[in-house]
Every structure is written in C-alpha cells, then in structure tokens.
Amino acid sequence: MVKVITAICIIVLFNLRELLQSKEKGKIMAIYFSFMGASLALGILISIDKQPTSLTIMIMDFVKAFGWGEG
C-alpha cells in the first residue's frame, strides 16, 4: 500500500508545475485530482486484496433504491 501512495504522490509532484502554469487552473486541477483520487482509491483497494465494487452493481442498487428496478 505504501508503494501505491508513493507512486501517486510522485506522479502528482511531477505534474504539479504544469498544472499551476495552465490558464484554466480550477477546471483542470479538479478533473486531474478526481482521476488521481480514483486511481489512489483503486490502487489501495487492490493492494489490500479487497475487490472494488462493480459499477454495474452500484448502478443496479441506485436504481432499486428509487424503485425503478425489479424488487
């Protein structure tokens, strides 16, 4: 797990200069850190041998919560 966190931190530090020099800092940084956060979460889940929840199952649960799917 430490390897995953270290790798993500190194990638962020290498790209930080370019992100700070961009014209649309807010948009780009929000998108960048969203992707990096998702990558970090998946990396940690995989490193601790816990399988991430399937996107299909999450969508089905969401649909069932609103009563639109099969009960």
* **Gap separating the CD1 atom of Ile31 from the CE atom of Met36, nearest 0.5 angstrom** => 14.5 Å

* Asked: Nearest 0.5 Å, what's the CG-CD distance between Leu20 and Glu18?
  -> 10.5 Å

* Looking at side-chain heavy atoms only, is the closest gap between Leu16 and Met29 below 4.5 Å? -> yes

* At what distance, to the nearest 0.5 angstrom, does CG of Asp61 lie from OG of Ser54? -> 10.0 Å

* Atom pair CG (Leu13) and CD1 (Ile8), whose distance is rounded to the nearest 0.5 Å -> 11.5 Å

* Asked: So, for Ile44 and Val4, which heavy atoms are closest and what is the spacing to 0.1 Å?
  -> N-CG1, 4.1 Å

* Structure fact -> So CD1 of Ile5 and OG of Ser47: to nearest 0.5 Å the spacing works out to 7.5 Å

* Asked: Do Phe66 and Leu55 share a hydrophobic cluster (ILVMFWY, side-chain heavy atoms under 4.5 Å, transitive)?
  -> yes

* Structure fact -> Between Ile11 and Tyr32 the two heavy atoms that sit nearest each other are O-OH, 3.5 Å

* Asked: Going from CE on Met60 to NZ on Lys64, what distance comes out if it is rounded to the nearest 0.5 angstrom?
  -> 4.5 Å

